[in-house]
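In this chain, residues are counted from 1 in sequence order.
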Amino acid sequence: MIRIPAGLALIIGGVFSFLPILGVWMLPLGLMLLAADVPPLRRPMARFATWCLGLLERFRRRRSD
């Protein structure tokens, strides 16, 4: 059960995104780790991941044209 403490640590680190190494990238990663063990977070995180993949695909298509 290392995912829950690691997820919480990433979320807390994401709050301090003004520091050089810590950043906003830590928030979604921490939420994804928590979603593996917390059922109410699974659906929103799955939608977020789908949205991110769609955004990446649109970026790739636009770049290849």
Side-chain angles (χ1 to χ4, degrees):
M1 280 285 188
I2 193 77
R3 287 187 300 229
I4 291 176
L8 291 174
L10 284 168
I11 290 170
I12 291 169
V15 171
F16 298 106
S17 61
F18 57 89
L19 297 173
I21 295 175
L22 306 175
V24 179
W25 62 270
M26 297 174 86
L27 287 171
L29 186 60
L31 287 171
M32 288 289 189
L33 280 175
L34 282 180
D37 293 323
V38 180
L41 287 176
R42 287 183 187 156
R43 179 176 268 170
M45 287 290 91
R47 274 191 255 142
F48 176 71
T50 304
W51 177 79
C52 287
L53 289 174
L55 192 65
L56 182 64
E57 184 62 34
R58 284 192 302 268
F59 176 74
R60 285 182 179 167
R61 264 191 263 133
R62 189 179 303 161
R63 198 157 175 215
S64 67
D65 289 341

CD1 (I2) with more than 12 external heavy atoms under 6.0 Å: no
Separation of R3 CZ from L10 CG (nearest 0.5 Å): 13.5 Å
ILVMFWY network linking F48 to F59, side-chain heavy atoms under 4.5 angstrom: no
Spatial distance of atom CG (L34) from atom CZ (R42) [nearest 0.5 Å]: 11.5 Å
Reported CZ-to-CZ distance for the pair R63 and R60, which is rounded to 0.5 angstrom: 10.5 Å
ILVMFWY network linking M32 to V15, side-chain heavy atoms under 4.5 angstrom: no
Straight-line distance of M45 CE to T50 OG1, nearest 0.5 Å: 10.5 Å
Hphob cluster co-occupancy, L27 + L53, side-chain heavy atoms under 4.5 angstrom: no
